[in-house]
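Note sheet for the following structure.
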Number of protein chains: 2
Amino acid sequence: MSTKQQEKSQQTMQELMDSAIQLFGSKGFASTSVAEITDNAGYAKGSFYRHWNSKDELFLQIIERKFRQYRAARHEKIRKARNLEEAMNIIWDFLETILADRNWPSILLEFTVYSATNEPLRKFMNKSDYRLSNQVFADLVREHMETDFPPEKVGALNTAIFEGYLIHRALGTQVLSLADVRQNAIALALMNGTKQG
Amino acid sequence: MSTKQQEKSQQTMQELMDSAIQLFGSKGFASTSVAEITDNAGYAKGSFYRHWNSKDELFLQIIERKFRQYRAARHEKIRKARNLEEAMNIIWDFLETILADRNWPSILLEFTVYSATNEPLRKFMNKSDYRLSNQVFADLVREHMETDFPPEKVGALNTAIFEGYLIHRALGTQVLSLADVRQNAIALALMNGTKQG
DNA sequence: GTCAAAAAGTGACCGCCGGTCACGATTAGC
DNA sequence: GCTAATCGTGACCGGCGGTCACTTTTTGAC
């Protein structure tokens, strides 16, 4: 059992994180200040830094939690893929759980691109807890590939199409629907992974 | 002929813009401050705001200039496309001139995503002077489409793949080569625009 | 119950940012 | 030669992420 102090600390962290999730979700990462997060939760600014070393660090923790949620939602309806098309559909069911999360796809995109300008942050982001994992995608399709096209590239191309679509969405361009993108991403994977494409 | 004052003003603008292009190009948009731009050019900070209303405004002007350069480079080797594949190759020759411009692709990506969080800026960015134009891409492929798949979607999908690849690159992921992406983007367009894909 | 050590919470403070503006210095045109 | 317009200046503003000496609360050994 933990002490009263540890419990209080845990609760404060939770309150600050909830406040942050709410504010980031409505205003984005860069536009939300640490003072806003603490004010909104009823604490002083200094308290924030008792629990995290930077705004980035809190955001990474939130991303980690988000991805755990997405994965949990996916696991509920997971099934064994019997062929490449089914594997791609499992991947896209997962991607659609992300897209369904209000404007978090945009926020994730914002932070992803921001992280590219910061070396240590970039390295963190390349871990699968914080990113769409090309590796996980590759593992899902690997055993169903009929050609010698590398499964890693199937995963990475799929991620590229998905994130390109996030930009398309974020800018309010309305030429592509989610269905368009999903269909084309799957078709491309099948073209690369099926014989006589 | 312009007055001595106008000439001086023009020259100052040019010097500040050159300084900015250099700094943005090496440090990115957000990490370059207005004071750095003016110091580097030998002016005081206040001078900057005689010529532009904001850092964003200068950047938009630089983008405009960059895109004019890219288009000029493309025009030199332009040729009439005789089929869809040639049209797509013309588009990718153009995209490769952008990719060849040091780390400007990343900077453009940074600013594009940043602009999504700012309504007036987002509207500006959606003009073809500041963005990869899905419309121009669509026009290039339109007359060669053999199916009823909308050419606008061919253009938008191509942009999505390209910008997804920019993220891939910016994060230092090295799974995909430029050749991979180009090949797949063209193949996808042919699949959508050719009979019996 | 007492009391010193440890941890949680605080807010003034730091350097830096984008942006402003009253002020001299320079130029324009009558 | 003189006034008005323009250019260039740098102190200044509010707000940012982050720090730190300080107070308040909790802990656990006695």
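FYI, side chains are in, hydrogens and waters are out, and symmetry mates aren't considered; it's all heavy atoms of this structure. Below, read A as the first sequence line, B as the second, and so on, with proteins coming before strands; counting in each chain starts at 1. Please read these numbers as outputs of a predicted model, since none were measured by experiment.
In this structure, B:Phe29 and B:Phe24 have tilted ring planes: the angle between them lies in the 30° to 60° band. Ring geometry, A:Tyr130 versus A:Phe124: the interplanar angle exceeds 60°, so the pair is classed perpendicular (tilted spans 30 to 60°). A:Phe67 and A:Tyr70 have perpendicular rings, their planes meeting at more than 60° on a 0 to 90° scale where under 30° would count as parallel.
Atom CZ of A:Phe29 and atom P of D:dC16 are 13 Å apart (whole Å). Summarising the geometry, the separation between NZ on A:Lys55 and C1' on D:dG15 is reported as 12 Å, rounded to the nearest angstrom. When the P atom of D:dG10 is taken as reference, atom OH of B:Tyr49 falls 16 Å away, rounded to whole Å. The separation between B:Asp39 atom CG and D:dG10 atom P is 10 Å, rounded to whole Å. For the pair A:Gln6 CD and D:dT25 P, the computed distance is 20 Å after rounding to whole Å.
Looking at B:Lys153 and A:Asp180, a side-chain N of the basic residue comes within less than 4.0 Å of a carboxylate O on the acidic one, giving a salt bridge. Looking at B:Arg65 and B:Asp129, no side-chain N of the basic residue comes within less than 4.0 Å of a carboxylate O on the acidic one, giving no salt bridge. A salt bridge does not link A:Glu15 with A:Lys8: every distance from a Lys NZ or Arg NE/NH1/NH2 to an Asp or Glu carboxylate oxygen is 4.0 Å or more.
Side-chain atoms of B:Ser9 lie closest to D:dC7 of the nucleotides D:dG8, D:dG18, D:dC7. Of the candidate nucleotides D:dG17, D:dG8, D:dG10, D:dG8 has the atom lying nearest to any side-chain atom of B:His51.
Map A:Asp56 and B:Phe48 each onto its nearest nucleotide of DNA chain D; the residue landing nearer the 5' end is B:Phe48. Mapping B:Ser47 and A:Val34 onto DNA chain D by nearest heavy atom places B:Ser47 closer to the 5' end of the strand.
A donor N or O paired with an acceptor N or O is found under 3.5 Å between the base of D:dG17 and the side-chain atoms of A:Lys45.
Protein chain A contacts DNA chain C from C:dA7 to C:dG11, reading 5' to 3' and using non-hydrogen atoms of the protein with a distance under 4.0 Å.
Among the protein residues, B:Thr32 comes within range of the sugar-phosphate backbone only, with heavy atoms under 4.0 Å from sugar or phosphate atoms but none that close to a base.
When each of A:Asn158, A:Leu84, A:Asn83 is tested with A:Val141 by the rule side chain to side chain contact (heavy atoms under 4.5 Å, CB included), just one qualifies, namely A:Leu84.
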